[in-house]
Number of protein chains: 2
Amino acid sequence: MSGPPHVRRPATLASLAAELGVSRTTVSNAYNRPDQLSAPLREKVLEAARRLGYPGPDPVARSLRTRRAGAVGLLLTEALSYAFRDPVATGFLEGLALACEQAGQGLLLVPVSPEHADVAAVHQAGVDGFVVYSVSEDDPHFRAVLERPVPTVICDQPIGVEGVDRVSVDDRDGMRALGRHLTGLGHRRIGVLCMRLGPQRQDGPASLARQQETSYPVQRERISGIRDALVEVGVDWASVPVVERFEHSPEAGASAAAELLAGHPDVTALVCTSDVIAIGALQWAAEQGIDVPGRLTVTGFDGVPEADRLGLTTVRQPVRRKGQVAGELLLERGDRNTPKYVVLPTELVVGATSGPAKKREEFFSGW
Amino acid sequence: MSGPPHVRRPATLASLAAELGVSRTTVSNAYNRPDQLSAPLREKVLEAARRLGYPGPDPVARSLRTRRAGAVGLLLTEALSYAFRDPVATGFLEGLALACEQAGQGLLLVPVSPEHADVAAVHQAGVDGFVVYSVSEDDPHFRAVLERPVPTVICDQPIGVEGVDRVSVDDRDGMRALGRHLTGLGHRRIGVLCMRLGPQRQDGPASLARQQETSYPVQRERISGIRDALVEVGVDWASVPVVERFEHSPEAGASAAAELLAGHPDVTALVCTSDVIAIGALQWAAEQGIDVPGRLTVTGFDGVPEADRLGLTTVRQPVRRKGQVAGELLLERGDRNTPKYVVLPTELVVGATSGPAKKREEFFSGW
DNA sequence: ATGAAAGCGCTAACAT
DNA sequence: ATGTTAGCGCTTTCAT
């Protein structure tokens with residue numbers, strides 16, 4: 001298939017019409033408007049089609065003529081394949097797929113791999129609109145999407161793009177609520193494990209500058225949220241260790257937890273900016289024999305199903321709904337010309353992985 | 001977007017050519033064959049394009065002309081949205097996406113919802129080929145795919161379709177190995193929890209007839225595998241309880257486990273035909289305070305990441321690889337006209353959820 | 001290096 | 001109820 005295009009169609013609408021001695025319109029109607037011709041004639045056409053091996057109207061030719069592709073394009077941050085490993089992305093996809101399904105639209109995943117850095121795939125996509133899921137602010141593919149003369153909906157990131165629909169959640173607010181839950185439990189010495197803050201891999205401590213200058217607003221907002229809560233009770237944010245990981249996986253979470261606690265053994269709570277990271281941290285703690293939440297509190301963000309099963313304390317965001325809304329925004333847009341911005345609510349989920357902070361004395365004997 | 005088609009393109013290749021006083025060919029070349037015209041002229045064309053808001057060649061028109069859509073269609077059993085909830089399906093998708101990515105091809109998810117029972121979506125898909133993932137033997141969408149004049153690759157199911165590429169694993173063999181592991185541990189009274197066996201919802205015990213007549217060969221093979229192992233040690237298969245669930249989710253697994261053990265309290269091992277079901281069974285056992293594997297052995301099939309984290313005894317199948325191979329089969333097919341059938345290996349993973357069967361006496365005191 | 005001509009396969013006014 | 005006409009926007013030999 002990468003070689004020559006696939007075989008020429010055995011028969012076309014025109015050849016069928018010629019064969020039958022009817023007009024092309026009639027054949028077209030036989031497929032698209034059964035009520036426009038008599039039942040016997042229609043049957044005759046369909047029968048001839050079967051006989052000649054005519055597979056029905058070519059979808060591409062029809063799309064060209066009707067000016068609709070019948071599909072929505074999806075642009076993702078990462079390599080396409082990554083999306084299927086991330087439970088938040090799959091939740092989003094589930095919702096988006098649901099919306100597409102209901103509208104009878106296909107969902108085209110646009111191939112953006114780090115290797116194929118070219119933007120051609122975006123130009124090549126035969127779609128009626130794009131959903132852009134959580135991409136970095138300077139993504140070239142994203143720019144290419146904006147150049148296409150079709151409607152677009154952004155999910156989460158980037159922010160601040162004028163005139164483009166967007167759906168997101170209030171990350172900062174959600175994390176602030178979680179932070180207050182922790183400070184309410186007496187935690188003062190906490191550590192943060194976060195996702196990548198820049199396009200370049202940088203695993204390790206994230207400076208204050210890096211926290212602020214990140215090209216990933218979602219991470220910035222979540223970090224700001226936990227900071228808000230700590231500052232409220234008088235903690236000096238500059239003293240709070242933040243460890244960053246480029247990969248987003250439980251393994252990365254485990255190694256980040258190890259790194260943070262090695263450097264800051266007196267930390268009583270590990271705040272992770274995603275459930276995936278938190279799941280890794282939890283696993284690490286279990287392997288180390290560290291009691292959660294007795295000795296260490298661990299929290300996440302997102303509310304993915306596995307976190308639920310593990311009883312993780314987290315902030316649940318309606319990922320599926322987010323995908324659905326993104327799809328609806330794109331598919332049900334009438335002729336409106338003012339953009340819509342939808343912000344969905346989050347919910348604090350107190351599970352079994354957060355508990356009271358031990359006092360320093362208890363703490364050292366607790367090891 | 002569901003209303004009128006999106007706005008007419010502001011400019012076309014032809015209008016740009018006219019404006020510049022050059023031929024259409026030249027404009028086309030500026031985009032597709034930069035080496036066919038002088039750099040200055042090319043720049044002039046591109047500049048004019050920017051100025052006039054010409055977004056580059058229309059992908060649909062190009063597809064019609066070149067006879068290639070630059071995308072692969074994916075047909076799934078279930079509602080599209082389900083695929084993203086099932087870790088096996090997402091693993092497969094990951095691999096398939098990887099293959100598409102590398103070939104620079106898009107991946108179009110064809111919308112098949114139970115509501116939109118019509119096959120139109122298959123006809124509407126502008127793709128160069130189809131991958132069919134684990135669909136039932138009598139799926140009408142599948143028939144529609146076969147009618148399209150493009151290459152197709154089947155994954156897992158249906159089996160026995162002549163002349164169509166296929167990739168699968170030896171389910172029966174994998175399950176047989178698992179079964180021998182269990183009989184080796186002394187298990188003789190086992191129960192099976194399986195996925196749906198027919199298009200109609202039927203939650204509860206599955207008769208021998210139903211096990212054999214299922215339209216889902218994969219389930220049949222897995223059940224046959226465990227049967228093989230039990231028959232080898234003299235167990236009468238007719239006495240082995242098999243509980244079926246229509247939904248494929250941990251919740252369904254939990255309820256199936258409850259049902260099976262309520263009816264057969266002397267069972268020492270629960271063999272599940274998927275990890276997702278097994279995870280639910282495990283959760284149920286934990287809630288009931290049933291010791292695994294002390295009192296009850298629980299096993300799965302697939303080897304999904306979460307199963308790994310839980311230490312589930314299971315049969316690992318290379319799901320990701322399966323997706324990748326499916327993609328490669330479709331994309332790298334030269335001009336071969338003989339179909340390929342690829343069968344990938346499985347691997348028994350002995351985790352922490354399988355242990356020796358207790359003797360009947362120990363067993364009752366174990367409650 | 002550039003242009004002219006010829007469709008790819010189809011649908012939608014509009015007429016009859 | 002059926003046919004006629006006129007493209008949708010583009011690429012690709014083949015000439016020049």
Side-chain angles (χ1 to χ4, degrees), chain A residues 4-45 49 52-70 123-124 126 128 148-150, chain B residues 4-45 49 52-70 120 123-126 128 148-150:
Chain A
H6 63 257
V7 279
R8 191 194 186 78
R9 325 194 90 208
T12 70
L13 186 144
S15 73
L16 223 191
E19 168 83 15
L20 280 164
V22 300
S23 82
R24 296 199 294 272
T25 310
T26 301
V27 178
S28 176
N29 283 340
Y31 286 94
N32 304 319
R33 312 192 164 173
D35 51 318
Q36 295 296 298
L37 71 175
S38 63
L41 179 55
R42 170 152 197 257
E43 198 33 63
K44 199 173 126 192
V45 172
L52 273 67
Y54 175 63
D58 180 300
V60 174
R62 165 191 273 153
S63 284
L64 175 58
R65 185 59 239 241
T66 60
R67 310 260 11 124
R68 46 171 29 120
H123 292 132
Q124 185 191 243
D128 300 323
R148 292 275 309 256
V150 295
Chain B
H6 63 259
V7 280
R8 192 192 186 78
R9 325 194 91 209
T12 70
L13 186 143
S15 73
L16 222 192
E19 168 81 14
L20 279 165
V22 301
S23 80
R24 297 199 292 273
T25 310
T26 301
V27 178
S28 176
N29 283 339
Y31 284 93
N32 304 318
R33 310 189 165 174
D35 52 319
Q36 295 296 298
L37 71 173
S38 64
L41 178 56
R42 171 153 197 256
E43 199 32 64
K44 200 173 124 191
V45 172
L52 272 68
Y54 175 62
D58 179 299
V60 175
R62 166 192 269 153
S63 284
L64 175 58
R65 187 57 240 238
T66 61
R67 309 255 20 120
R68 46 172 28 121
H123 292 132
Q124 184 191 245
D128 299 324
R148 292 275 309 257
V150 295

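Proteins come first, then strands; the chains are lettered A, B, ... in the order of their sequence lines, and each starts at number 1. Reckoned from all heavy atoms, side chains included, excluding hydrogens, waters and symmetry mates.
Between B:T26 and C:dG3 there is a side-chain N or O to OP1 or OP2 distance below 4.0 Å. At C:dT11, one or more side-chain N or O atoms of A:R62 fall inside 4.0 Å of OP1 or OP2 (strictly under the cut-off). A close approach under 4.0 Å does not occur between any side-chain nitrogen or oxygen of A:T12 and OP1 or OP2 of C:dG9.
Considering every non-hydrogen atom in both B:Y31 and B:A49, the closest pair reads OH-CB, 3.3 Å. Of all the heavy atoms in B:L64 and A:A61, the pair that sits closest is CD1-CB, 3.8 Å.
Note: A:L52 CG to A:L20 CG = 8.0 Å, rounded to the nearest 0.5 Å. To the nearest 0.5 Å, the span separating NE2 on B:H123 from CZ on B:R148 amounts to 7.5 Å.
Under the salt bridge (charged side-chain N to carboxylate O under 4.0 Å, His left out) criterion, no residue pair touches residues 25-42 of chain B, with sequence neighbours excluded.
Going from atom CG of A:L64 over to atom P of D:dT11 covers 12 Å, rounded to whole Å. Atom NE2 of A:H123 is separated from atom C1' of D:dC10 by 16 Å (rounded to the nearest Å). In this structure, CD of A:Q124 is placed 15 Å from P of D:dC10, rounded to the nearest angstrom. For A:R24 and D:dG3, the CZ to P distance is 12 Å, given to the nearest whole Å. Straight-line distance from the CG atom of A:D58 to the C1' atom of D:dC8: 13 Å, rounded to whole Å. Remark: P of C:dG9 and CZ of A:R67 are 18 Å apart, rounded to the nearest angstrom. In this structure, the CG atom of B:L13 is 17 Å from the P atom of C:dA5, given to the nearest Å.
A:S28 and A:T25 share no donor-acceptor pair across their side chains, judged by distance under 3.5 Å alone.
A heavy atom lying under 4.0 Å from DNA chain D marks the following residues of residues 27-43 of chain B, by number: B:S28, B:N32, B:R33.
Taking only side-chain atoms of A:A61, from C-beta outward, the nucleotide of C:dT11, C:dA4, C:dG9 with the closest atom is C:dG9.
Nearer the 5' end of DNA chain C, as judged by each residue's closest nucleotide, is the contact made by B:T25, out of B:T25 and B:R65.
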Take B:D58 and A:R67, measure what side-chain contact (heavy atoms from CB on, under 4.5 Å) needs, and give me the verdict at the end.
CA-CA 10 Å; B:D58 179 299; A:R67 310 260 11 124; 2.8 Å; yes
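As judged by a 4.0 angstrom heavy-atom cut-off over every strand, A:V22 is placed among residues touching the sugar-phosphate backbone only.
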